[in-house]
Amino acid sequence: MELKIMITEYEIRERIKTLAEEISEEFYGEKITAVCLLKGAFIFTADLIRELKTEVEIEFMRIKSYKGTEKGEDKLIYNIETDITEKNVLIVDDILDTGGCLKTAFSILKRKKPAKIKTCVLLEKERKKSISADFIGFKIPDKFVVGYGLDMSELYRDLPYIAVLGN
Ligand code: IMP
Ligand code: MG
């Protein structure tokens with residue numbers, strides 16, 4: 001299949017620098033626990049945390065959506081391992097589509113009584129969502145994209161840019 005570049009490696013790098021500045025300001029002088037939503041956000045999280053000016057701890061969480069077969073709730077596959085009570089949490093995801101995945105992560109983490117929870121997504125699709133993100137890298141049209149952590153059937157996560165799959 002043909003790949004059409006939507007956001008270049010350079011554009012991603014530059015945007016992450018400004019996003020990291022905004023996040024560092026929000027959490028000024030505090031420590032952040034960044035919760036990376038696997039698998040899609042692993043590359044974005046790695047690049048983002050290296051630009052943050054605050055102290056940062058990393059946790060991972062995996063939520064899988066069973067759309068089609070098992071309708072409804074997204075399923076928690078892997079949860080964070082440390083206590084986040086009274087901590088400042090930043091949930092990091094790759095893309096906000098319907099919002100189901102981020103909303104599920106948010107409500108699971110909220111129950112653990114952190115001091116503050118903020119959300120950050122690299123991409124946000126143009127459509128009605130059940131949750132909004134506090135920090136957004138790029139707003140994109142409602143197209144299926146791959147690269148920079150995002151996959152299609154587990155492929156293309158390794159691309160350094162965001163691309164649209166065509167034919
Ligand atoms: P939501 O729960 O509908 O917001 O979907 C979010 C999750 O679906 C993301 O974290 C991705 O894993 C996946 N996803 C949604 N849109 C795309 C896309 O265009 N390409 C690759 N994965 C996507
Ligand atoms: Mg995901």
Side-chain angles (χ1 to χ4, degrees), residues 1 6-7 12 15-16 19-20 22-23 26-27 32-49 52 56-159 161-165:
M1 258 196 275
M6 181 189 270
I7 307 168
I12 295 171
R15 183 70 187 111
I16 286 178
L19 262 184
E22 290 169 28
I23 295 167
E26 170 74 41
F27 292 95
I32 302 176
T33 301
V35 178
C36 168
L37 301 190
L38 295 171
K39 295 179 186 176
F42 82 113
I43 293 178
F44 175 43
T45 306
D47 285 347
L48 181 71
I49 60 163
L52 292 175
V56 63
E57 290 178 1
I58 298 294
E59 281 294 326
F60 297 94
M61 195 169 184
R62 179 146 162 78
I63 288 155
K64 234 177 163 173
S65 37
Y66 288 83
K67 285 162 192 158
T69 51
E70 269 180 59
K71 273 189 204 136
E73 276 292 281
D74 295 280
K75 201 174 167 192
L76 177 68
I77 305 291
Y78 177 77
N79 206 346
I80 58 164
E81 292 182 343
T82 57
D83 181 12
I84 54 160
T85 314
E86 291 306 315
K87 289 196 174 174
N88 296 304
V89 173
L90 178 72
I91 307 176
V92 185
D93 204 4
D94 53 355
I95 188 165
L96 192 54
D97 187 7
T98 64
C101 183
L102 190 63
K103 203 176 172 183
T104 302
F106 190 94
S107 63
I108 291 168
L109 296 174
K110 179 101 183 159
R111 273 184 246 138
K112 297 177 185 281
K113 309 229 179 307
K116 177 152 95 178
I117 310 191
K118 294 284 169 182
T119 54
C120 176
V121 294
L122 177 68
L123 307 171
E124 185 191 74
K125 278 193 196 174
E126 244 175 23
R127 69 140 103 190
K128 216 172 183 315
K129 288 161 280 288
S130 53
I131 187 171
S132 59
D134 299 299
F135 302 96
I136 299 163
F138 300 90
K139 294 196 177 190
I140 63 165
D142 197 0
K143 289 192 172 147
F144 196 84
V145 291
V146 295
Y148 199 74
L150 291 107
D151 74 308
M152 194 201 61
S153 306
E154 295 302 324
L155 283 176
Y156 307 109
R157 293 193 197 273
D158 55 311
L159 298 176
Y161 46 78
I162 298 289
V164 182
L165 275 176

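All values derive from a computational prediction rather than experimental measurement.
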Student: With sequence neighbours left out, what residues match R62 under side-chain hydrogen bond (donor to acceptor under 3.5 Å, both in side chains)?
Tutor: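 Partners of R62 by the side-chain hydrogen bond (donor to acceptor under 3.5 Å, both in side chains) criterion come out as none, since no residue qualifies.
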Student: What distance do K39 atom NZ and I43 atom CD1 have between them, rounded to the nearest 0.5 Å?
Tutor: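 Going from NZ on K39 over to CD1 on I43, the span is 12.0 Å.
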Student: Side-chain contact, heavy-atom cut-off 4.5 Å: I91 with L37?
Tutor: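 The answer is yes; the side chains approach within 4.5 Å.
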Student: For residues M6 and F138, determine if any side-chain heavy atom of one lies less than 4.5 Å from a side-chain heavy atom of the other.
Tutor: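 The answer is no; the side chains never approach within 4.5 Å.
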Student: Should V121 and F44 count as side-chain neighbours, where that means a heavy-atom distance under 4.5 Å?
Tutor: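 Not in contact.
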Student: Among pairs that include at least one residue of residues 131-143, which meet side chain to side chain donor-acceptor pair (under 3.5 Å), considering only residues two or more places apart or in two chains?
Tutor: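 Listed by first then second residue: T119-D134.
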Student: Taking K125 for its side chain and L123 for its backbone only, find out whether a donor-acceptor pair lies under 3.5 Å.
Tutor: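 Not a single qualifying donor-acceptor pair exists.
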Student: With a 4.5 Å limit on heavy-atom distance, are the side chains of K112 and I80 in contact?
Tutor: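 SC-SC contact between K112 and I80 confirmed.
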Student: With side chains defined as the heavy atoms from C-beta onward, is the minimum distance between L90 and E26 less than 4.5 Å?
Tutor: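 Answer no - side chains too far apart.
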Student: Could you tell me if the side chain of I140 sits less than 4.5 Å from the side chain of I95, heavy atoms only?
Tutor: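 Touching, per the 4.5 Å side-chain cut-off.
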Student: Can you tell me how far apart CD1 (I16) and CG (D47) are? Round to the nearest 0.5 Å.
Tutor: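 If I round to the nearest 0.5 Å, the distance is 5.0 Å.
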Student: State, yes or no, whether a side-chain contact exists between L159 and V146 at a heavy-atom distance under 4.5 Å.
Tutor: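 Yes, side chains in contact.
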Student: Return the minimal non-hydrogen interatomic distance between G100 and S130, and the atom names on each side.
Tutor: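 Heavy-atom minimum between the residues: N-OG, 3.8 Å.
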Student: For residues Y148 and L122, report the shortest heavy-atom separation together with the two atoms involved.
Tutor: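 What the structure gives for the nearest pair is CD2-CD2, 3.5 Å.
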Student: Ignoring hydrogens, what is the shortest heavy-atom contact between C36 and T45? Give both atom names and the distance.
Tutor: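 Here C36 and T45 meet closest at SG-OG1, 3.3 Å.
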Student: So with a 6.0 Å cut-off around NZ of K103, is the heavy-atom count from everything else above 12?
Tutor: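 Not more than 12 within 6.0 Å, no.
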Student: Measuring from K129:NZ to D97:CG, what's the distance to the nearest 0.5 Å?
Tutor: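 The CG atom of D97 is 8.0 Å from NZ of K129, to the nearest 0.5 Å.
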Student: Can you tell me how far apart CE (M61) and CG (L76) are? Round to the nearest 0.5 Å.
Tutor: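 Taking CE in M61 and CG in L76, the distance rounds to 5.0 Å.
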Student: Could you tell me if the side chain of V92 sits less than 4.5 Å from the side chain of I49, heavy atoms only?
Tutor: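 Sidechains of V92 and I49: no contact.
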Student: At their closest point, which heavy atom of D94 faces which heavy atom of A41, and how far apart are they?
Tutor: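 In terms of heavy atoms, the two residues are closest at N-CB, 3.7 Å.
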Student: Does anything in residues 79-92 form a side chain to side chain donor-acceptor pair (under 3.5 Å)? List the pairs, not counting sequence neighbours.
Tutor: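 Sorted result for residues 79-92: E30-N88, E57-K87, E59-T82, Y78-E81, D83-T85.
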Student: Check Y161 against I7 and note the closest heavy-atom contact, atom names and distance.
Tutor: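 Minimum heavy-atom contact is CB-O, 3.2 Å.
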Student: From C101 SG over to D74 CG, what is the distance, rounded to the nearest 0.5 angstrom?
Tutor: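 So the SG of C101 and the CG of D74 are separated by 5.5 Å.
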Student: C120 and L48: which non-hydrogen atoms are nearest, and at how many Å?
Tutor: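 It is SG-CD2, 4.1 Å.
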Student: Measuring from atom CZ of F27 to atom OG1 of T33, what distance do you get when rounded to the nearest 0.5 angstrom?
Tutor: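 OG1 of T33 is found 9.5 Å from CZ of F27.
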